[in-house]
Amino acid sequence: MAKNFVLMTERLRLAVNTALANGGHSGKGEENKSRRNRRSTLTEFGASGGGTSYRGAFTVIDTSKDDKPKVKVCDGTTPESSTCGIARINNKRFNIPAKEFDIDSAGFIILTSEYDTDGKTPKTPEMKFEKSLPADSDLKALILIARIGLIEKITPLITQEQHGMAQGFIWGNCEDDK
């Protein structure tokens with residue numbers, strides 16, 4: 001039994017690595033196969049203390065239907081909730097709404113915030129799916145929620161990065177505060 005598990009794990013690791021090396025899909029032309037014949041979402045966790053048991057704020061789950069890959073960022077204890085967690089940006093609290101994303105490639109789910117027009121108050125953070133990580137900016141807080149791979153164009157590979165309340169700071173020029 002243990003030998004079969006190790007072999008299955010190695011095959012899965014090879015499939016994931018192949019998919020990620022090919023831009024998030026296997027490239028074998030299997031994109032038309034039905035999801036019913038496939039394994040469920042592959043989930044791995046990038047931060048310590050994670051695992052398939054993580055069910056807290058900013059949990060990313062597979063909400064795919066048929067062959068249309070989707071993921072949802074939600075409160076893992078109550079996935080149907082309208083909010084997915086709390087973010088503190090420059091010590092100001094925001095309730096972040098749950099959000100679902102259509103996935104057509106590998107990418108990143110990020111939470112961003114920048115200053116409002118007054119230049120001192122953070123705007124309500126916005127959750128986005130980006131195909132690449134945005135460039136760092138002193139005038140924007142960026143919090144990585146999850147990395148998303150796409151295996152054979154229909155199976156999301158979720159790597160949960162954010163665990164618990166999100167906290168970020170928007171840095172600016174100290175001279176502007178005078």
Candidate pair Arg147 and Glu161, rule side-chain contact (heavy atoms from CB on, under 4.5 Å), full reasoning: CA-CA 7 Å; Arg147 292 179 285 140; Glu161 296 289 352; 2.7 Å; yes
CA sep, side-chain torsions, deciding dist, call: Asp75, Thr59, side-chain contact (heavy atoms from CB on, under 4.5 Å): CA-CA 6 Å; Asp75 179 342; Thr59 297; 5.9 Å; no
Verdict with reasoning, Met127 to Ile96, per side-chain contact (heavy atoms from CB on, under 4.5 Å): CA-CA 8 Å; Met127 204 162 356; Ile96 307 300; 3.7 Å; yes
Phe101 vs Ile148, side-chain contact (heavy atoms from CB on, under 4.5 Å): CA-CA, chis, key distance, verdict: CA-CA 11 Å; Phe101 298 96; Ile148 308 295; over 6 Å; no
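Atom CD1 of Ile145 sits about 12.0 Å away from atom NZ of Lys99, to the nearest 0.5 Å. Between atom CD1 of residue Ile103 and atom CG of residue Asp62 there is a gap of 9.5 Å, rounded to the nearest 0.5 Å. Between Ile158 atom CD1 and Ile61 atom CD1 the span is 8.0 Å, to the nearest 0.5 Å.
Side chains of Val73 and Leu111 form no contact here, defined as non-hydrogen atoms less than 4.5 Å apart. Inter-residue side-chain proximity for Glu114 and Leu139 is flagged as unmet; no heavy-atom pair is nearer than 4.5 Å. Contact of the Asp116 side chain with the Pro122 side chain is not registered, since no non-hydrogen atoms from C-beta on lie closer than 4.5 Å. Residues Ser113 and Thr124 are not in side-chain contact: their nearest non-hydrogen atoms beyond the backbone lie 4.5 Å or more apart. Counting heavy atoms from C-beta on, the side chains of Ile109 and Lys128 never come closer than 4.5 Å.
Residues meeting the side chain to side chain donor-acceptor pair (under 3.5 Å) test with Glu100, sequence neighbours left out: Thr63.
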N/O donor to acceptor pairs below 3.5 angstrom from side-chain atoms of residues 80-88, sequence neighbours left out:
{"residue": "Ser81", "atom": "OG", "partner": "Thr83", "partner atom": "N", "Å": "3.3"}
{"residue": "Ser81", "atom": "OG", "partner": "Thr83", "partner atom": "O", "Å": "3.3"}
{"residue": "Arg88", "atom": "NH2", "partner": "Asn91", "partner atom": "OD1", "Å": "2.6"}

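Comment: Lys131 engages Asp104 in a salt bridge, judged by a side-chain N to carboxylate O separation of less than 4.0 angstrom.
Annotation for Tyr115 and Lys123: closest pair O-CE, 3.5 Å, computed over non-hydrogen atoms. Residues Pro69 and Ile154 approach most closely at CB-O, 3.8 Å, considering heavy atoms. Scanning both residues, Lys72 and Ala98, for their nearest heavy atoms gives CE-CB, 4.1 Å.
With a 4.5 Å cut-off between side-chain heavy atoms of Ile, Leu, Val, Met, Phe, Trp and Tyr, the cluster of Ile110 takes in Phe108, Leu133, Leu142, Leu144.
No donor-acceptor distance shorter than 3.5 angstrom exists from the side chain of Lys140 to the backbone of Ile170, with no hydrogens or angles considered.
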